[in-house]
Number of protein chains: 2
Amino acid sequence: MMVRKKIPEKSVERICRYREILLEYQSIGKEFIFSHELASEVRVSPAQVRRDLMYFHLKGVPQQGYRVSEFLYEIDDLIDPKEVQDVILIGVGNLGKAILSYFTHKRPKLSIVAAFDVDANKVDRVISGCECFHMRDLQKFTREREIKIAIITVPAQEAQAIANTLVESGIRGILNFSPVLLKVPADVYLECIDITTSLEKTVYFSRGRR
Amino acid sequence: MMVRKKIPEKSVERICRYREILLEYQSIGKEFIFSHELASEVRVSPAQVRRDLMYFHLKGVPQQGYRVSEFLYEIDDLIDPKEVQDVILIGVGNLGKAILSYFTHKRPKLSIVAAFDVDANKVDRVISGCECFHMRDLQKFTREREIKIAIITVPAQEAQAIANTLVESGIRGILNFSPVLLKVPADVYLECIDITTSLEKTVYFSRGRR
DNA sequence: AGGCAATTGTGAATTAATTAACAAATTGTT
DNA sequence: AACAATTTGTTAATTAATTCACAATTGCCT
Ligand SMILES: NC(=O)c1ccc[n+]([C@@H]2O[C@H](COP(=O)([O-])OP(=O)(O)OC[C@H]3O[C@@H](n4cnc5c(N)ncnc54)[C@H](O)[C@@H]3O)[C@@H](O)[C@H]2O)c1
Ligand SMILES: NC(=O)c1ccc[n+]([C@@H]2O[C@H](COP(=O)([O-])OP(=O)(O)OC[C@H]3O[C@@H](n4cnc5c(N)ncnc54)[C@H](O)[C@@H]3O)[C@@H](O)[C@H]2O)c1
């Protein structure tokens with residue numbers, strides 16, 4: 001089997017953004033797109049777009065650009081898992097609920113299939129369209145359903161312990177919203193969204209220091 | 001006045017993370033920290049930490065490290081605004097509410113002072129500890145209070161129009177949660193948190209392609 | 001006090017990411 | 001059917017970010 005060249009994080013990120021724009025184009029019936037159009041939408045250089053395209057095989061034609069449907073197909077093929085990917089979420093608080101309601105039917109290949117919490121008001125109910133179970137069932141569920149991806153939205157002080165449990169039960173990727181830099185084995189992928197840092201960055205750079 | 005060297009985004013981001021760790025150290029009574037300790041907490045190299053330190057003036061001592069309180073002071077001095085920074089939030093939906101409740105008293109120098117929405121169920125009430133006003137009052141409020149920072153948590157299709165209004169009323173920095181790549185003038189700082197992309201990245205890289 | 005071990009601060013070297021540049025290709029035009 | 005105008009695909013050049021490496025300090029131990 002031919003092994004695809006590894007793609008740097010930044011490129012994967014941009015490619016996901018290209019998809020947003022392409023879906024928009026598709027929805028308004030545009031069949032073709034130029035690298036410079038995509039570039040200006042995503043705020044990168046046209047050269048950057050074409051460079052990213054080298055990671056997968058898409059032929060554009062001069063004077064015409066890339067066929068949107070083909071482009072989207074290639075992105076799906078590259079980025080999306082082959083089967084629907086089941087995801088779980090830990091911590092059905094304010095943020096957890098927002099995410100649950102958002103991802104219901106958002107992407108065909110991504111589905112949050114269960115949420116877990118310790119709060120008696122939350123377990124054994126359907127919250128924001130998602131079944132919520134008690135933490136004690138986490139390991140069993142994860143193992144049986146072979147869940148590979150988890151989203152952590154528990155309070156900071158709980159996050160590391162939960163990450164440990166997740167890793168133990170076979171999780172391969174974690175999207176972490178707690179402000180804690182979790183420690184996980186090198187072969188588990190960890191993506192952190194640190195909203196506080198983002199806001200601090202915004203404040204810092206809005207003060208004109210650029 | 002001596003002009004500080006401009007600091008790259010990545011460094012600012014790391015410096016904000018250092019602060020998290022330093023606050024933790026302080027809370028458990030540790031007075032000093034080594035570059036390698038901080039580095040391993042934040043998952044960067046010790047050299048990287050020391051390099052970032054060159055952006056501000058902090059003296060460490062060999063065999064002892066950096067004084068935590070001094071380190072924190074320098075970060076505050078560099079990153080934080082001099083006065084309390086008032087922030088507004090647009091779109092008091094699931095995500096907006098989560099953010100409002102989270103940032104109440106989170107950072108002494110950051111305060112979400114008002115939220116705006118069009119939904120009659122939300123305006124003129126206090127939601128998650130924050131006063132919520134109707135969108136029609138946005139411009140007036142922003143101008144009068146000289147608000148410089150806004151958080152956008154409205155549906156995708158509304159985001160650009162709201163960004164335009166914000167820019168018009170003098171906003172200098174936007175933290176955007178909608179999946180739209182907003183167009184703003186070059187002198188307005190735009191930070192985007194794209195949760196969908198982050199989840200897609202997590203799924204992609206958890207499939208072992210690294 | 002003097003030597004040993006550890007750690008800082010920073011240029012130099014390396015690696016990664018981005019942009020520039022341009023030949024090859026394609027379309028429409030005269 | 002040759003030409004002009006674009007736009008692609010890719011290599012080379014540039015710029016940015018990270019790591020290396022090591023002299024200079026400092027604390028600690030004997
Ligand atoms: N809400 C935000 O805007 C925001 C912003 C930045 C960071 N965060 C981080 O996201 C996380 C969640 O924030 P939130 O505002 O939703 O908090 P929250 O308190 O509303 O929700 C936390 C949820 O986790 C559950 N929980 C607690 N301990 C648990 C455990 N051991 N196992 C399973 N579930 C447990 C609680 O019952 C609760 O439902 C926190 O780490 C917070 O720091 C949130
Ligand atoms: N919730 C999530 O986890 C999540 C994840 C990724 C992205 N997002 C994005 O964040 C944004 C908000 O998501 P959400 O889940 O909170 O949506 P939501 O529908 O719960 O909230 C949107 C809020 O915006 C208000 N609103 C609508 N039009 C407005 C206008 N013109 N002016 C002011 N307010 C207006 C609505 O009344 C509502 O209160 C969306 O753009 C969404 O794509 C959310």
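Note that these values count all heavy atoms, side chains included, but never hydrogens, waters or copies made by symmetry. The sequence lines fix the lettering, A, B, ..., with proteins before strands; numbering per chain opens at 1. What you are looking at is a predicted structure, and each value in this text was computed from that prediction instead of being measured.
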> B:F34 has an atom CZ; how far is it from atom C1' of D:dG27, in whole Å?
Replying inline: 10 Å
>> With a 4.0 Å limit, can you tell me whether A:Y55 has a side-chain N or O closer than that to the phosphate oxygens OP1/OP2 of D:dT10?
In response: no
> Tell me: CG of A:L53 to P of D:dT10, nearest whole Å?
Replying inline: 10 Å
> If you check every side-chain atom of B:R51, which of D:dT18, D:dT7, D:dA12 has the closest atom?
Replying inline: D:dT18
> What nucleotide among D:dT8, C:dT18, C:dT7 has an atom nearest to a side-chain atom of B:Q63?
Replying inline: C:dT7
>> So B:S35, base contact, sugar-phosphate only, or nothing? Heavy-atom distance under 4.0 Å.
In response: sugar-phosphate
>> So, does B:Q64 get its side chain near the phosphate of D:dT26, meaning an N or O under 4.0 Å from OP1 or OP2?
In response: no
> Can a side chain N or O of B:S45 be found less than 4.0 Å away from OP1 or OP2 on D:dT19?
Replying inline: yes
> Nearest to the side chain of B:Q48, which nucleotide is it out of D:dT25, D:dT11, D:dT19?
Replying inline: D:dT19
> Want to settle it: does A:G60 or A:A47 sit nearer the 5' end of DNA chain C, counting the closest nucleotide to each?
Replying inline: A:A47
> B:P62 side chain: which of D:dT18, C:dT8, C:dA17 is closest?
Replying inline: C:dT8
> Is the CD atom of B:E146 crowded by more than 12 outside heavy atoms at less than 6.0 Å?
Replying inline: no
>> Output the rounded distance in Å from NZ (A:K10) to P (C:dT19).
In response: 10 Å
> Whole-Å distance between D:dT8 P and A:I33 CD1?
Replying inline: 10 Å
>> If you apply the rule side chain to side chain donor-acceptor pair (under 3.5 Å), what do you find for B:D80 with A:Y204, and how did you get there?
In response: CA-CA 7 Å; B:D80 288 348; A:Y204 177 80; over 6 Å; no
>> Between C1' on C:dA25 and NZ on A:K59, what's the gap in Å once rounded to a whole number?
In response: 11 Å
> For D:dT26, does either OP1 or OP2 sit under 4.0 Å from a side-chain N or O belonging to B:Y66?
Replying inline: no
> Out of C:dT19, C:dT18, D:dA17, which has the shortest distance to the side chain of B:P8?
Replying inline: D:dA17
>> For A:E200, run the side chain to side chain donor-acceptor pair (under 3.5 Å) check against B:K109, B:R19, B:Q85 and tell me which one passes.
In response: B:R19
>> Nearest whole Å is fine: how far is C:dA17 C1' from A:K6 NZ?
In response: 12 Å
> To the nearest Å, how far apart are A:F56 CZ and D:dT10 P?
Replying inline: 13 Å
> Can you tell me if B:K148 uses its side chain to pair, donor with acceptor, with the backbone of B:R172 under 3.5 Å?
Replying inline: no
> Side chain of A:R50: nearest nucleotide among D:dG9, C:dG9, D:dA17?
Replying inline: D:dG9
>> Check whether B:T153 reaches the backbone of B:I90 with its side chain - one donor and one acceptor, N or O, closer than 3.5 Å.
In response: yes
> Can you tell me how far P of C:dT8 sits from CZ of B:F32, to the nearest Å?
Replying inline: 12 Å
